[in-house]
Amino acid sequence: MGMNLSVDLGKLKLQNPVMTASGTFGYGKEYSEFVDLNKLGAIVVKGLSLKPRQGNPPPRIVETPAGMLNAIGLQNIGIDNFIKKKLPFLKQFHIPVIVNFFGDSISEYIKAAGKLNETKGIHALEMNISCPNKQEGWSIFGTDPKVTFKVVSEVRKVTDLTLIVKLSPNVTDISLMAKTAEDAGADAISVINTLTGMAIDIKTGKPKLANITGGLSGPAIKPVAVRMVWECYKTVRIPIIGMGGIISAEDAIEFFLAGASAIAVGTGNFINPEATMDILEGIKSYMSAKGVKSLKKLTGAVRC
Amino acid sequence: MGMNLSVDLGKLKLQNPVMTASGTFGYGKEYSEFVDLNKLGAIVVKGLSLKPRQGNPPPRIVETPAGMLNAIGLQNIGIDNFIKKKLPFLKQFHIPVIVNFFGDSISEYIKAAGKLNETKGIHALEMNISCPNKQEGWSIFGTDPKVTFKVVSEVRKVTDLTLIVKLSPNVTDISLMAKTAEDAGADAISVINTLTGMAIDIKTGKPKLANITGGLSGPAIKPVAVRMVWECYKTVRIPIIGMGGIISAEDAIEFFLAGASAIAVGTGNFINPEATMDILEGIKSYMSAKGVKSLKKLTGAVRC
Amino acid sequence: MNRLFKATVTDNKQIKKDHYLLTLHPFKKINRPEPGNFFMLSVDSSLDPLLKRPFSMHRWLGFDFQILYRVAGKGTGILSKRRPGDLLDVVGPLGNKFPVAKTHDKIILIAGGLGIAPIFSLAEKLKKNKHLLFYGAMTKEELLCIDELKSLGIEPVIATDDGTLGYKGVITDILKKFLTQNSKLKTQNYLYACGPKPMLMALSLLARKYDLKGYMALEQNMACGLGTCLGCVVNTVDGYKRVCKEGPVFRIEEIVWE
Amino acid sequence: MNRLFKATVTDNKQIKKDHYLLTLHPFKKINRPEPGNFFMLSVDSSLDPLLKRPFSMHRWLGFDFQILYRVAGKGTGILSKRRPGDLLDVVGPLGNKFPVAKTHDKIILIAGGLGIAPIFSLAEKLKKNKHLLFYGAMTKEELLCIDELKSLGIEPVIATDDGTLGYKGVITDILKKFLTQNSKLKTQNYLYACGPKPMLMALSLLARKYDLKGYMALEQNMACGLGTCLGCVVNTVDGYKRVCKEGPVFRIEEIVWE
Ligand SMILES: Cc1cc2nc3c(=O)[nH]c(=O)nc-3n(C[C@H](O)[C@H](O)[C@H](O)COP(=O)(O)OP(=O)(O)OC[C@H]3O[C@@H](n4cnc5c(N)ncnc54)[C@H](O)[C@@H]3O)c2cc1C
Ligand SMILES: Cc1cc2nc3c(=O)[nH]c(=O)nc-3n(C[C@H](O)[C@H](O)[C@H](O)COP(=O)(O)OP(=O)(O)OC[C@H]3O[C@@H](n4cnc5c(N)ncnc54)[C@H](O)[C@@H]3O)c2cc1C
Ligand SMILES: Cc1cc2nc3c(=O)[nH]c(=O)nc-3n(C[C@H](O)[C@H](O)[C@H](O)COP(=O)(O)O)c2cc1C
Ligand SMILES: Cc1cc2nc3c(=O)[nH]c(=O)nc-3n(C[C@H](O)[C@H](O)[C@H](O)COP(=O)(O)O)c2cc1C
Ligand code: FES
Ligand code: FES
């Protein structure tokens with residue numbers, strides 16, 4: 001019916017706007033039973049670092065009202081293992097593979113990006129500068145604009161892949177962070193990562209997470225995420241990947257209207273393993289009911 | 001049974017820690033049908049300004065997952081009308097009346113505080129430097145530490161009442177804001193006000209709130225609020241009034257363990273008009289079940 | 001009297017496609033609700049939906065009462081699944097009522113769609129010979145309580161958008177015809193209306209044109225229902241007023257439609 | 001086969017104070033669940049509770065299957081209110097199974113509390129003469145499935161903390177006695193256990209002391225149930241392993257209790 005769902009993220013073209021949020025879709029394999037991966041806009045894998053990491057002790061997750069806290073602590077198999085053991089599976093599919101990565105220092109970011117840049121079968125990089133689960137001093141990558149500019153522009157130098165910077169919502173001014181990422185050379189931004197939260201078990205008097213605090217995700221944070229996407233949209237010209245509490249097509253459309261060019265489903269996958277496909281179908285139905293021929297028309301179309 | 005529930009906020013002593021959150025309890029009268037006001041720890045009234053304000057156009061509220069957005073726009077009858085028409089009713093009760101107030105400029109803050117300071121029957125002031133519903137440039141009172149220090153220390157000069165500063169959660173570093181308020185002379189801090197959020201009606205393509213954005217409250221934000229109370233507790237020595245999503249005694253106790261000396265119930269009043277009393281009873285039951293004789297023992301007692 | 005109470009669902013009947021009639025049995029004697037009053041109902045103890053939902057008093061049965069509702073979204077969807085024996089938390093009766101003065105010669109009631117819920121209670125309260133009821137809906141299938149009205153001796157003037165019953169057209173157009181044909185009707189009458197916004201806007205114009213007085217019950221998103229949150233305001237000639245407290249019933253001429 | 005399916009509640013029976021037996025009829029043929037496997041169930045379509053809840057396969061009825069559960073909080077509270085005809089979203093069967101080798105001479109099953117849910121399915125699968133079942137609970141009132149076990153020809157060794165049925169004491173103490181009295185039992189046997197953490201910790205110590213091999217099914221908070229979120233790990237001698245993927249059944253000696 002001639003509907004155009006395609007999305008441009010820098011040089012990268014997605015066939016449709018439905019992506020997976022890093023850390024919620026593993027390396028794709030587990031969900032391939034529920035979702036025809038070839039139908040996704042792109043797959044974003046669990047955050048990787050140069051070396052494998054064992055992550056935080058359990059308990060690592062706890063449910064909260066309409067949301068969940070996680071403190072996985074960036075457990076991952078490391079870039080080398082990913083390339084050897086996980087990437088071959090993903091290469092079978094025709095969709096872009098986007099690798100989410102992070103480092104403990106600027107030089108680690110650079111090394112990781114350089115290594116990923118050389119690897120065939122990786123189509124874009126998503127820099128996580130915002131994960132709140134790490135120790136003191138680290139969160140500065142995503143909250144101090146000067147440091148953000150530095151780390152993003154250094155990474156920009158070592159990769160010609162589409163570079164997405166994933167922003168932390170735990171800041172006073174998200175649009176400043178968005179602008180900083182744009183100025184430093186990002187091709188796109190992901191908005192938002194998790195809000196830092198905490199839950200206490202009043203029976204034991206102990207935090208419910210071994211890590212004490214964790215990242216809040218799920219429907220509870222959707223209003224904050226939509227607002228941040230809208231603020232970023234008013235500020236930057238690079239495309240925005242919207243995420244935070246998307247579990248239905250209606251949610252996804254809210255993000256498009258607020259200014260997102262693409263969206264990612266995170267916690268929604270846990271609630272419904274087929275969420276991404278249901279959302280894609282729902283977006284199509286909405287567009288045809290509204291007579292919208294091109295998805296690009298929806299981006300930022302909120303009438304304020 | 002000899003349980004001590006009292007709380008000290010500066011010079012002010014509360015008989016128990018259960019307060020009402022500004023803007024959710026009117027001027028007390030409406031809820032007096034459901035709650036024996038004499039049993040509250042304190043009553044905090046709707047935010048007042050020097051002049052009456054008509055607030056934002058409707059729609060002003062919309063429900064979100066486990067939360068709600070409001071954009072009342074600080075509608076209020078003004079300090080003079082409050083003193084004339086509402087305060088006499090409140091004076092009948094033996095509990096402290098805490099007046100939440102705000103201004104558009106430092107001089108308005110000072111004038112408002114001065115006027116309230118002279119008024120008999122007002123026991124403490126809560127400065128709202130954090131309401132996210134106002135126009136551009138205003139939110140700086142609650143997000144720029146330099147401005148926060150200035151406005152709080154100026155207000156401190158004109159009042160000897162207990163001065164509570166209510167912090168905005170829409171900041172990168174809540175503990176810095178807490179420290180700033182403490183250094184500027186605050187006797188206590190309220191943590192947290194609402195998170196800025198947005199919701200879009202995908203049928204009409206318009207924001208669900210006439211004001212576009214609004215403040216997110218209710219259970220959805222509880223994990224963020226608990227985390228912020230905990231961060232403030234580690235940083236300041238003045239008492240913390242915890243709020244954000246408290247609807248049950250269990251929620252309240254979480255805040256005490258995280259570091260709150262008292263708590264305030266906001267959105268919870270809408271869900272259950274008797275919430276404050278149910279919470280007070282629940283706190284007592286918890287304390288007697290745990291053999292805790294003094295509420296002060298619970299404050300900050302989380303075992304990390 | 002404390003207006004918070006628990007009530008048992010004694011019946012929750014699907015009366016038309018999306019429409020249900022809920023009968024509630026309060027645990028204690030409650031204040032007698034008047035036409036125009038509403039209740040805030042918790043459909044569930046879950047945190048989603050979070051807030052209570054407002055519903056007009058539809059029928060007062062002496063101790064029990066009834067709510068007539070349409071499944072409009074999540075909350076009403078859950079409500080439609082409540083079964084006899086289930087418990088609900090309720091606050092009410094709330095708000096003001098339709099002020100019916102004895103002196104009014106003849107009263108014209110106008111209901112659009114679910115507006116029939118409170119208008120029915122008003123019709124039931126009035127003597128049947130003292131009023132005329134205009135009742136419009138999208139289609140025949142959405143006309144409610146026709147039999148109940150008949151058994152009260154009330155024969156409404158009916159209009160449906162698609163003409164499947166009564167006049168074809170919107171109810172305000174039919175009313176307009178009546179008013180032009182019966183010039184006497186015009187001044188001696190009071191209008192009492194409830195219905196969707198476009199209907200009430202049309203009615204306001206009509207009232208201005210024919211210099212008619214009257215009242216209408218409005219809706220607005222609500223959080224507290226008690227007048228404290230200031231969330232439910234509508235714009236009036238005297239500034240913002242709260243639907244839950246100064247309303248839901250307002251004088252027709254005081255509302256400023258944007 | 002796609003393990004996401006809808007199932008109809010055909011029965012949801014309260015069998016003891018807080019304990020329920022849920023029978024589900026899947027809309028499609030599902031993979032045969034093995035003892036140790038579990039399912040993720042949506043108790044509701046609400047966003048609170050948000051996540052699916054994990055429950056062990058208790059009894060496989062050929063096409064339908066049963067879950068034995070205790071009301072532990074909000075989600076199980078809601079589940080207990082589901083009635084025949086209600087629909088639930090389910091993912092499963094998930095996780096690994098109790099690996100029962102043919103060569104094991106004699107098998108000792110140990111269930112503590114609700115641990116009987118999966119242990120029962122294992123007992124049902126094994127020949128009755130090949131195993132001994134130790135079953136402990138707080139009190140007689142919390143012992144489940146006793147009649148069902150009997151009808152399978154299984155006579156469990158029972159212990160209750162308060163001595164209201166069987167031995168008085170914790171089940172691991174009773175097991176210990178047995179082991180010391182029957183030294184032969186020790187080496188030729190495999191333990192298969194499920195129960196609360198303190199029981200499993202005690203069992204681990206016992207296993208180390210008597211050099212017994214075996215398996216135990218663990219629990220952990222879960223979000224995805226599919227191995228992707230890395231939320232459900234437990235510490236093992238080889239580092240963190242996911243309860244939903246490498247487990248829920250682990251070798252006794254590999255678990256590192258903190
Ligand atoms: C004073 C008053 C009396 C009412 N009487 C009745 C009645 O007798 N029968 C009846 O069926 N309905 C009545 N309503 C409307 C009813 O409250 C809404 O249909 C209901 O709250 C929708 O809840 P939901 O969760 O199903 O829908 P949601 O999923 O919350 O929303 C669905 C739609 O309903 C609208 N809506 C949500 N909340 C409200 C609200 N508080 N008021 C108006 N619209 C809302 C939303 O904007 C949306 O378009 C009344 C409303 C008011 C204010
Ligand atoms: C593999 C596996 C198999 C299980 N099999 C069964 C079974 O057959 N029968 C049964 O009754 N229960 C079983 N459980 C436990 C069951 O999942 C929890 O009791 C349930 O999730 C509690 O949900 P709730 O909303 O009622 O409780 P909540 O209100 O969420 O919490 C109540 C209590 O339950 C604990 N809890 C919450 N989620 C989990 C979880 N995912 N796993 C363990 N504990 C949790 C909480 O820490 C808290 O102490 C199993 C758990 C796992 C991981
Ligand atoms: C269990 C879990 C693990 C996550 N891991 C990562 C990660 O490794 N890197 C990252 O950038 N974001 C990570 N996130 C954040 C998500 O990608 C997403 O930004 C966030 O959860 C908000 O979206 P949601 O509400 O749809 O889940 C993780 C989120 C969850 C819930
Ligand atoms: C309808 C509404 C009006 C509010 N008005 C004010 C206000 O006037 N001044 C203020 O400082 N906070 C105001 N707040 C914020 C609350 O006092 C409270 O900080 C916040 O809602 C978080 O608590 P809760 O989740 O319990 O509601 C308002 C909140 C709501 C929901
Ligand atoms: S609903 Fe709160 S003031 Fe009307
Ligand atoms: S529950 Fe997600 S990895 Fe196990």
Side-chain angles (χ1 to χ4, degrees), chain A residues 62 64-69 132 139 142-144 168-174 195-208 212-214 216 218-231 245 247 249-258 286 290 298 301-304, chain B residues 62 64-69 132 139 142-144 168-174 195-208 212-214 216 218-231 245 247 249-258 286 290 298 301-304:
Chain A
V62 59
T64 66
M68 61 176 279
L69 288 168
S139 66
T143 56
D144 180 336
S168 167
N170 302 296
V171 296
T172 307
D173 186 354
I174 193 77
L195 283 159
T196 309
M198 175 173 178
I200 300 171
D201 184 333
I202 68 164
K203 281 189 221 108
T204 63
K206 291 201 287 190
K208 287 188 177 176
I212 306 176
T213 62
L216 184 62
I221 68 169
K222 194 184 68 168
V224 175
V226 170
R227 184 262 297 180
M228 290 192 163
V229 166
W230 181 69
E231 289 184 348
I247 63 165
E250 289 72 29
D251 297 332
I253 292 159
E254 245 187 290
F255 279 84
F256 294 134
L257 295 173
Y286 178 85
K290 289 269 177 184
L298 288 182
V302 61
R303 298 188 295 118
C304 290
Chain B
V62 57
T64 65
M68 61 176 279
L69 287 169
S139 66
T143 55
D144 180 337
S168 166
N170 302 296
V171 296
T172 307
D173 185 354
I174 192 78
L195 281 160
T196 309
M198 175 173 179
I200 300 172
D201 184 334
I202 67 164
K203 281 191 218 105
T204 63
K206 291 202 286 190
K208 287 188 177 175
I212 307 176
T213 61
L216 184 63
I221 68 168
K222 195 183 67 169
V224 174
V226 171
R227 185 261 298 181
M228 290 191 164
V229 166
W230 182 68
E231 288 184 350
I247 62 166
E250 289 72 29
D251 297 331
I253 292 158
E254 241 186 294
F255 278 84
F256 295 134
L257 295 173
Y286 178 86
K290 289 269 178 184
L298 287 182
V302 60
R303 299 188 294 120
C304 292

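Reminder, nothing fancy here: chain letters follow the sequence lines and each chain counts from 1. Owing to the predicted nature of the structure, the values given are computational and were not obtained by experimental measurement.
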Ignoring hydrogens, what is the shortest heavy-atom contact between [X] and [Y]? Give both atom names and the distance.
| X | Y | result |
| --- | --- | --- |
| V224(B) | L216(A) | CG2-CD2, 3.9 Å |
| L257(B) | G205(A) | CD1-CA, 4.3 Å |
| K290(B) | K203(A) | NZ-O, 2.5 Å |
| T213(B) | R227(A) | CG2-CG, 3.9 Å |

message: Does any backbone or side-chain atom of F256(B) lie under 4.5 Å from a heavy atom of chain A? Answer side chain, backbone, both or neither.
response: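 For F256(B), there is no contact with chain A at all, as no heavy atom is under 4.5 Å.
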field: Single hit among I202(B), D201(B), I200(B) for side-chain contact (heavy atoms from CB on, under 4.5 Å) with E250(A)
entry: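 Looking at I202(B), D201(B), I200(B), the match for E250(A) under the side-chain contact (heavy atoms from CB on, under 4.5 Å) is I202(B).
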Spacing of T64(A) atom OG1 and I221(B) atom CD1 [to the nearest 0.5 Å]: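 That separation rounds to 12.0 Å.
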Any donor-acceptor N/O pair, R303(B) side chain to T204(A) backbone, under 3.5 Å: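 Side chain of R303(B) to backbone of T204(A), a donor-acceptor pair under 3.5 Å: yes, one is there.
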Choice from P65(B), A301(B), A258(B), P169(B) maximising heavy atom contacts with chain A below 4.5 Å: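 Most pairs with chain A among the choices: P65(B).
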message: Below 4.5 Å, heavy-atom pairs only: which of A199(B), C304(B), G218(B), A225(B) has the largest tally toward chain A?
response: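 Counting heavy-atom pairs under 4.5 Å, the top option is C304(B).
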- prompt: For I253(A), is it the side chain, the backbone, both, or neither that has a heavy atom closer than 4.5 Å to a heavy atom of chain B?
  reply: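 Both the backbone and the side chain of I253(A) come within 4.5 Å of chain B.
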